[in-house]
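Scroll down for the structure; my scribbles are underneath it.
By convention in this document, chain letters (A, B, ...) are assigned in the order of the sequence lines, proteins followed by strands, and residues within each chain are numbered from 1.
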Amino acid sequence: MHGWLDDEDVVAIAPRLLGMRLRSEVGDEPTEVVIGEVEAYAGDQDPASHAFRGPTPRNTAMFGPAGTLYVYRSYGLHWCMNVVTGPEGVGHAVLLRAGIPTVGRDTMTDRRGRLDHLADGPGKLAQALGVTGAHNGISLSDGEIRLLPGEGETLAVRATPRVGITKAVDRPWRFVAEIPL
DNA sequence: ACGAGGATGCTCT
DNA sequence: GAGCATCCTCGTC
């Protein structure tokens, strides 16, 4: 399943996640978004990656097989989720930064505590789907959180520098799906 | 629309 | 002890 996720080139994989669906079976009602913004992190080739200096207690999930979910806590407050890619052991991952809510809107507004800005940021996306550190290391193929095919529409994609980092700031490894008019 | 500042706790040096 | 792959609120324009 998702055979292309184990490709060596995480920068090529990242934009292919745009338009895919991310479905959560956490809680009573399923929730789902279409992935709209991602960033590539290239393991030991990438000073901005959590895996840059090799395995640690926090980042072990990054060195698992492609299709593993890596969840970490950001700024002591928020959870952020990544899709592990590449051959097992390389530490590549794609940060999921934003999604368009499609299923379970009521549950997402409950979890977010507001009616707007439900999943337009990495911490907000994880919160809307009910994803926490308890999901770190699970498979995105057969678990509570799943990566599913999109509708197959062709998306216009814009590449920009990554957000919120202080190292390797020049690499245009953030990919945003342009909303068609 | 945009920017500054504070909240908050874990990870690794 | 420093440094975060962030979010929210409250100011301005």
Does [N] have its OP1 or OP2 closer than 4.0 Å to a side-chain nitrogen or oxygen of [X]?
{"X": "A:His50", "N": "C:dA5", "result": "yes"}
{"X": "A:Ser49", "N": "C:dA5", "result": "no"}
{"X": "A:Arg112", "N": "C:dC7", "result": "no"}
{"X": "A:Lys167", "N": "C:dA5", "result": "no"}

Need one value for [X]: base, sugar-phosphate or nothing, where a base atom within 4.0 Å counts as base even if backbone is also close, heavy atoms only.
{"X": "A:Leu95", "result": "base"}
{"X": "A:His117", "result": "nothing"}
{"X": "A:Arg162", "result": "nothing"}
{"X": "A:Arg114", "result": "sugar-phosphate"}

Provide, to the nearest angstrom, the distance between the NE2 atom belonging to A:His78 and the P atom belonging to C:dC7.
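In whole Å, C:dC7 P lies 6 Å from A:His78 NE2.
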Roughly how many Å is it from OH in A:Tyr72 to C1' in B:dC10, rounded to a whole number?
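Result: 13 Å.
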If pairing requires Watson-Crick or G-U wobble contacts with both distances under 3.5 Å, which nucleotide is the partner of C:dA5?
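Answer to the pairing question: none, since C:dA5 forms no Watson-Crick or G-U pair.
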Does B:dT8 have a Watson-Crick or wobble partner in any strand here, with both distances under 3.5 angstrom, and which is it?
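Its partner is none (no Watson-Crick or G-U wobble pair with both distances under 3.5 Å).
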Inspect the surroundings of CG in A:Asp116 and state if more than 12 heavy atoms from other residues, nucleotides or ligands are less than 6.0 Å away.
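Yes, enclosed.
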